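Reading through the structure tokens given below for one structure.
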Amino acid sequence: MSLPLAEEETGLAPGLPLELADDRESIKITGFWMFLVTDVLIFASLFASYAVYRSRVALAPGPAQVFHYGPVLLETLLLLTSSFTVGLAIWAMRTGRTRMLFFWLAATLVLGAGFVTSEIHDFTSMVGQGLTWHQSAFLSAFYVLVGTHGAHVTFGIVWAVTLLFQVARRGITPVTARKLYTFSLYWHFLDIVWVFIFTFVYLGGKIG
Amino acid sequence: MALPGWMLYLIHTLFPANTRRPTELGADVLIIATGAILFYILIIKGRWRHVWTEWITTVDHKKIAVLYLIGALAMLFRAGVDALMLRTQLALPHQGLLSALEYDQLFTTHGTIMIFFMAMPFIFALFNAVIPLQIGSRDVAFPRLNAMSFWLFAFGALLLNMSFVVGGSPSAGWTAYPPLSENVFLPGVGQNYYLMSLLIAGIGTTMTGINFVVTILRMRAPGMTLMKLPLFAWSALMTSALIIFAFPPLTVALSMTLIDRLFQSSFFTLGHGGMPMMYVNLFWLFGHPEVYIVVLPAFGIFSEVVATFSSKRLFGYEVMVASLVSIMFLAYGTWVHHFFTMGAGPAVNAFFGLSTMLIAIPTGVKIFNWIFTMWGGRIRMTVAMLYQMAFIPTFVIGGATGIILATVPVDYQFHNTYFLVAHFHNVLIGGTLFGLLSGMYYWWPKMFGMKLDEHQGKWAFWLFFLGFWVTFFPQYLLGLEGMQRRMNTYPFGLGWHMLNVISTIGAFGMGAAFLVLVYNVVWSLRHGERDVTGDAWDGRTLEWAIPSPAPEYNFARIPVVNDRDPWWAMKESGATLANSLSASDIHAIELPKSTPVPFLLGASFFLFGFGMVFSWWYVAILGLLCVIGTLIYSGFNYEEHAMLSADAIRGTEASLGRLQA
């Protein structure tokens, strides 16, 4: 009469990066992927709405007349570069170099802040020309789709700043490593969304 | 006496003229009375500290389950009273008990609350109470997130329920189609309440979906492969996956309406190129999966109940799993059947009509499997089993009328008639609510340590079951005779009179059933038969392997699973978790620590939502800052766990007689 019982060992699994080696932390990474699924669907719904509303310009100007490609190109360069620097930050984290981690994470934030600043500037100048979202369904869909992405980037910046403080206080531990890793997933995700915005909204707007 | 200007402004904003009516005053009295009782219990009786430390700050899935259940039953009461008022108004032609506006408000809150604030939390109550125990886990994957989900639901529900007395209730139906839901047609704050409360509760629901997917995928006991997962856990996995994929489109649709209303964008307006049908598509892209979100857990519950009370292994487990999975996928391909009359053309309508009929196949497979499970079993007619037996014919009829509605040309005739109303109540009550009540009776001993009295339960069951058919069968006939839904009254001489009277009598029968149910619960809490074995029903799955109610740590030791019915297999072998553990087997266990963060987050969202509803931007911004502040505080808090010593666990297990010398 014996009942098989599970051995409950806690500890780091060998051969895995720090954030995945601890079972309690890696499960949070699984959870974060699930969160990203919901965020993908938020953006999917917004893209679908934009596709429907793109031609519904009412009496306001359409995509070809309202987009400024200079700022958009700058924003694209800033965000794509920041995706590279956040990758370098994770690489520094995995090789245990805290100072380099700080440097690349700070660089990511500066690039992200540049992106947000440029986007805000672009939006305010559009509104200044009277292109408000009240004017047409197309402008509503445009501002909300691109603005939701911009709000995500802004939230990411606030999040990363709090992470910098946590790493400064605690160093690279399984918990902070997991937090940095999920942040990098989030940031790369925003980068991919921007690639779609650039392609379907801005370049698609040029095609008409 | 002249009041200062700001007070006049507050009175006119918070209590506009159309909320100063007898029904609202009655609600005011009820709210004040409830508040007084709560105040008495908390402050006068000094239970405040206990409530704060044991309940409000808890992250224990078993306590969160109890909180969800209380919320769900309270909301069942509120929305049930709405329904009785609606039925009283419709009992006779030319009734003037309710004005048209009040009638609109009541059917709106009835639908919204029943779906989002009754069915959903009831489901989450059972998920929280059962899933971690069934899969042999000590908690859900993210206990703190779980508590946040609950408090977002609770404060969302509070916001919606407030609307009736503060500012005005929403009145555009539970679907809130534009352009009716836009500012032009419904100025005032009612629709803002609807939007904000659903957005806040929706965040919580999405997080619950994420939580249970990860819990079931990552936290199962060793040896429990996916094909050994109990069917209720399978249904929870499919439901959670549906939630993850269905709630984002709802969030987007509601947010767009909110931006239209508060910030004058042009998504669903009639001018400026807006397109109301886009909302309808986004809403039902959520709304149809939502139907399966609420019914799949019921399928899971019935699968557990029927196996236990037939004392037999579930028939056709693999096919049951396959049909759950296929229903989940098919659920996304049917949303247009809610608006065939949009006129998308014969090809589109034919596609969605056929895809709807296709769902009948996996559902039919499940019905047959439940019947075959009973076949040749030793059936015990408990209350849980009675609901199961009532469910089968009820759901088959509800499904069959669904097939009728899926036939596009026929739907053009029945669209928005009482035939539709009867159909969806038939599947939502006959499917979801029968399932949830069955699950409540079945798992009550595990949640509270005592059985609900069976005799009283049978009274409630028969009242509810008969009341249900007396209410809704006449409504099918009314639909066939052309009575439209959402009409607040009707003239003499259309032949609807008698059927409406019968329907109202049935509704009061269901109301009586609810009272018996409440009596049953209250009586059983004091005098109910205690469950000392932990295995109240001679069950089959792991939740019955541990004491009732489950101790804080659930499993002193987590077993290795080798069978689809692990607890049954243990009992057959003679070595169970109840008779095989000795003191040396037990080690210290790490448990999540209580935290006020989830409650504070919910309160912050409430403040934010309240500010948005009244367009008081400073309040809204303050609420948003509180949200961010709470999240940051939570991020810097690394003390998430505490150890429970081995001696404490040995003490608990020994006191339950589960420790061998």
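These numbers come from a predicted model, not from an experiment. Quick note on labels: first sequence line is chain A, next is B, and so on, each numbered from 1.
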Need one label for B/F263: side chain, backbone, both or neither, based on atoms under 4.5 Å from any heavy atom in chain A. both
side-chain contact (heavy atoms from CB on, under 4.5 Å) against A/T30, all qualifying residues, sequence neighbours excluded: B/V214, B/R218
Counting only heavy atoms from other residues, nucleotides and ligands, does the tally under 6.0 Å from CH2 of A/W33 exceed 12? no
Give the ring-plane orientation class for A/Y53 versus B/F268, where under 30° counts as parallel, over 60° as perpendicular and anything between as tilted. tilted
What part of B/F636 is in contact with chain A, defined as an atom under 4.5 angstrom from a non-hydrogen atom: side chain, backbone, both or neither? both
What are the two closest heavy atoms between A/S184 and A/Y181, and how far apart are they? OG-O, 2.8 Å
Ordered numerically, the heavy-atom neighbours of chain A under 4.5 Å found in residues 281-288 of chain B are B/L282
Please determine, among B/T215, B/I259, B/N211, the option with the most heavy-atom pairs under 4.5 Å with chain A. B/I259
Checking B/D563 against B/W568: is there a side-chain donor and acceptor pair closer than 3.5 Å? no
Side-chain contact, heavy-atom cut-off 4.5 Å: A/V153 with A/H149? yes
Heavy-atom contact with chain A under 4.5 Å, split by part of B/I244: both
Side chain, backbone, both or neither: which part of B/M207 has an atom under 4.5 Å from a heavy atom of chain A? neither
If contact means a heavy atom pair closer than 4.5 Å, which residues of residues 92-115 of chain A contact chain B? none
Between B/L577 and chain A, with a heavy-atom cut-off of 4.5 Å, which part of the residue counts as in contact: side chain, backbone, both or neither? both
Heavy-atom contact with chain A under 4.5 Å, split by part of B/I243: neither
I'd like to check B/M570 versus B/L542 (side-chain heavy atoms, cut-off strictly below 4.5 Å). Are they in contact? yes
Are side-chain heavy atoms of B/L270 and B/V184 found at a separation under 4.5 Å? no
For residues 122-133 of chain A against chain B, heavy atoms under 4.5 Å, the residues are A/W133
Closest heavy-atom pair, A/A58 versus B/G273, reported as atoms and distance to 0.1 Å, is CB-N, 3.9 Å
Decide yes or no on salt bridge (Lys or Arg N to Asp or Glu O under 4.0 Å) for B/K571 and B/D535, but give the supporting numbers first. CA-CA 11 Å; B/K571 285 193 281 191; B/D535 185 15; 2.7 Å; yes
A/F32 side chain reached by A/Y186 side chain, heavy atoms, under 4.5 Å: yes
Might you work through the ring pair (Phe, Tyr, Trp, His ring centres under 6.0 Å) test for A/W187 and A/F183, ending with a clear yes or no? CA-CA 6 Å; A/W187 201 263; A/F183 169 75; 5.4 Å; yes
Which answer fits B/T576, side chain, backbone, both or neither, if we ask what part of it has an atom under 4.5 Å from a heavy atom of chain A? backbone
Fit a plane to each ring of B/F245 and B/Y332, take the angle between them on a 0 to 90° scale, and name the class: parallel (under 30°), tilted (30 to 60°) or perpendicular (over 60°). perpendicular
Return the option, out of B/P248, B/S255, B/G223, with the maximum number of heavy-atom pairs under 4.5 Å with chain A. B/P248
Return yes if a side-chain donor-acceptor contact under 3.5 Å exists between A/S118 and A/E75, otherwise no. yes
How far does OG of B/S582 sit from CD of B/E653, to the nearest 0.5 angstrom? 11.5 Å
Taking all non-hydrogen atoms of both residues into account, name the closest pair between B/F267 and A/S140 and its distance. CZ-O, 3.3 Å
Answer with yes or no whether the side chains of B/T208 and B/T205 bring together a donor and an acceptor at under 3.5 Å. no
Contact class of A/Q166 relative to chain B, heavy atoms under 4.5 angstrom: both
Applying side chain to side chain contact (heavy atoms under 4.5 Å, CB included), run through A/I197 and A/F142 and close with a yes or a no. CA-CA 10 Å; A/I197 290 179; A/F142 165 75; over 6 Å; no
Side chain, backbone, both or neither: which part of B/P222 has a heavy atom under 4.5 Å from chain A? side chain
Under 3.5 Å, is there a donor on one side chain and an acceptor on the other for A/S83 and A/H188? yes
With a 4.5 angstrom heavy-atom cut-off, could you sort out which part of B/F555 is near chain A: side chain, backbone, both or neither? neither
Side chain from CB out, backbone as N, CA, C, O: work out which of these in A/I42 comes under 4.5 Å of a heavy atom of chain B, or both, or neither. both
What part of B/N562 gets closer than 4.5 Å to chain A, counting heavy atoms only: side chain, backbone, both or neither? side chain
What part of B/H587 gets closer than 4.5 Å to chain A, counting heavy atoms only: side chain, backbone, both or neither? neither
Lys/Arg-Asp/Glu bridge criterion (N-O < 4.0 Å) met for A/E19, A/K179: no
Does any backbone or side-chain atom of A/F35 lie under 4.5 Å from a heavy atom of chain B? Answer side chain, backbone, both or neither. both
Shortest non-hydrogen contact from B/I546 to B/N554? CG2-O, 3.5 Å
Test B/S137 against B/R220 for side chain to side chain donor-acceptor pair (under 3.5 Å), laying out the working first. CA-CA 6 Å; B/S137 165; B/R220 301 189 307 280; over 6 Å; no
Relative to chain B, which segment of A/S26 carries a heavy atom at a distance below 4.5 Å: side chain, backbone, both, or neither? both
With only heavy atoms counted, which part of A/D39 is less than 4.5 Å from chain B, the side chain, the backbone, both or neither? neither
